[in-house]
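Each remark here refers to the structure printed beneath this line.
Side chains included, hydrogens not; waters and symmetry mates left out as well; all remaining heavy atoms used.
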Amino acid sequence: MFTRPDVLPGTRAAACFNQFKRQPPLIHCLTNEVVQALTANVLLALGASPAMVVEPEEAAQFSRVADALLINIGTLHASRAESMLAAIEAANRAEKPWLLDPVAVGGLEYRATFARRLLTLRPAAIRGNASEIIALSGLQTSARGVDSQDDSLVALPAAQVLARNCGAIVAVTGETDYITDGERDWAVTGGDVLMTRVVGTGCALSAVVAAFCSLPGDRLDNVATACRVMALCGERATAQCSGPGSFTAAFLDALYQLRMEDLL
């Protein structure tokens, strides 16, 4: 019988966030060209340091010194794929964690083939919506671009299979986020539908997950805490804004103002 996962305890989230604040990481972001500014601002608001180094030789060099690497295939093309592969190889050699965001992987064959290749390169974590995670696991999906037509709980079994097959922590995000290592699961509630009306919030979440992957301790807890941080700040921003335009400013302010005690 399928059992719905427990909600991440606030004490665990608070401890992870406290560790993050004590050791703000440097994150190398090879990400969607549409969302680079928001991604950088989200990381900065939390206290992390973002960098977007894209030339293959430099990308490899930088991944060796960054604390974690984000690979987001949203605006994938041949030269960007070359940079991603170089950065991943360097990160793996330096034993630095990297995250895969398989944007729209269920809808287009070029990116699906590339994403499957990346799965063999040992990502520390994978973050996607329900349709993306189902597609990446090899199951059938009704994906339509970056939008998910599947519920996150429906995708949890696919996330568990994916985690067991590639050794990554898998976060399937939606109205409720589910985070799994293939054996253990956490649920993270919160957020607001308004977050889906602002381009880049999911991509920024992936950058935050990459940042939390750099922390010591239980990576399942760390990834779930990243999801909880974004969901909580999304709730707070929605309560203060009047629409998508004012949401972004309120969201960045909420991230900047977040304290460990808020997660309790």
Side-chain angles (χ1 to χ4, degrees), residues 8 10 12-54 62 65-72 74 96-99 101 103 125 127 171 173 177 179 188-215 217 221-264:
L8 174 71
R12 293 197 181 201
C16 290
F17 187 68
N18 185 48
Q19 181 73 27
F20 178 88
K21 284 296 190 180
R22 290 204 307 265
Q23 296 177 308
L26 171 64
I27 309 303
H28 183 191
C29 301
L30 280 168
T31 191
N32 189 333
E33 294 169 1
V34 178
V35 303
Q36 289 188 91
L38 179 63
T39 298
N41 284 332
V42 164
L43 289 171
L44 286 168
L46 283 171
S49 299
M52 281 74 172
V53 180
V54 298
F62 196 81
V65 300
D67 294 300
L69 169 66
L70 166 66
I71 299 294
N72 176 310
K96 302 295 179 69
W98 66 276
L99 175 136
D101 186 338
V103 178
R127 200 293 308 173
T173 54
D177 301 337
I179 301 93
V188 171
T189 58
D192 190 271
V193 68
L194 183 59
M195 298 177 76
T196 67
R197 296 294 181 261
V198 177
V199 66
T201 53
C203 295
L205 169 58
S206 292
V208 174
V209 171
F212 275 78
C213 280
S214 71
L215 301 179
D221 285 1
N222 294 343
V223 172
T225 298
C227 294
R228 179 60 186 144
V229 164
M230 293 288 276
L232 176 58
C233 291
E235 285 182 340
R236 291 184 168 187
T238 300
Q240 298 175 14
C241 73
S242 57
S246 53
F247 172 85
T248 299
F251 185 51
L252 293 175
D253 286 347
L255 292 165
Y256 180 75
Q257 295 163 1
L258 189 67
R259 298 294 178 264
M260 179 184 74
E261 294 78 11
D262 300 328
L263 294 164
L264 292 171

- Message: Quick one, Asp192 with Phe247, criterion side-chain contact (heavy atoms from CB on, under 4.5 Å). Give me CA distance, side-chain angles, the key distance, then yes/no.
- Response: CA-CA 11 Å; Asp192 190 271; Phe247 172 85; over 6 Å; no
- Query: Would Arg127 and Thr173 count as a side-chain contact (heavy atoms from CB on, under 4.5 Å) if you check the C-alpha gap in whole Å, the side-chain angles of each, and the deciding distance to 0.1 Å?
  - Reply: CA-CA 7 Å; Arg127 200 293 308 173; Thr173 54; 2.7 Å; yes
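Listed for the Arg236 side chain is no donor-acceptor partner under 3.5 Å among the backbone atoms of Ala250. No donor-acceptor pair closer than 3.5 Å links the side chain of Lys96 to the backbone N or O of Leu69.
Among Leu38, Thr39, Leu44, the one residue that satisfies the side-chain contact (heavy atoms from CB on, under 4.5 Å) test with Val42 is Leu38.
Considering only heavy atoms from C-beta on, Cys213 comes within 4.5 Å of Val223 through its side chain. For the pair Phe251/Leu194, no side-chain contact is recorded, criterion being any heavy-atom separation below 4.5 Å from C-beta on. For the pair Leu30 and Val54, the minimum side-chain heavy-atom distance is below 4.5 Å. Between His28 and Trp98, every side-chain heavy-atom pair lies at or beyond the 4.5 Å cut-off. By the 4.5 Å heavy-atom criterion applied to side chains, Thr225 and Arg12 are not counted as neighbours. Two residues are said to be in side-chain contact when any heavy atoms from C-beta on lie closer than 4.5 Å; Leu43 and Ser49 fail this criterion. Side-chain contact between Leu46 and Phe17 is present, with at least one heavy-atom pair separated by less than 4.5 Å.
Note that the CG atom of Asn32 and the CG atom of Leu70 stand 10.0 Å from one another [nearest 0.5 Å]. We find the CZ-CD1 distance between Phe212 and Ile27 to be 10.0 Å, quoted to the nearest 0.5 Å. Taken from CG in Asp262 to SG in Cys233, the straight-line distance is 8.0 Å, to the nearest 0.5 Å. Rounded to the nearest 0.5 angstrom, Cys227 SG and Asp177 CG are separated by 4.5 Å. Atom CE of residue Met195 and atom CG of residue Leu205 lie 7.5 Å apart, to the nearest 0.5 angstrom. Taking CZ from Arg197 and OG1 from Thr238, the interatomic distance works out to 12.0 Å, rounded to the nearest 0.5 Å.
For the pair Pro24 and Gly47, the tightest heavy-atom approach, listed with the atom from each and the gap, is CB-O, 3.2 Å. The two atoms that bring Leu8 and Arg228 nearest to each other are CD2-CB, 4.4 Å, heavy atoms only. The two residues Gly74 and Val103 make their nearest non-hydrogen contact at CA-CB, 3.7 Å. Closest of all the heavy-atom pairs between Gly200 and Val35 is CA-CG1, 3.4 Å. The two atoms that bring Ala210 and Ala68 nearest to each other are O-CB, 3.2 Å, heavy atoms only. Considering every non-hydrogen atom in both Met230 and Leu255, the closest pair reads SD-CD2, 4.1 Å.
For Asp101 and Ser206, the side-chain atoms include at least one donor-acceptor pair closer than 3.5 Å.
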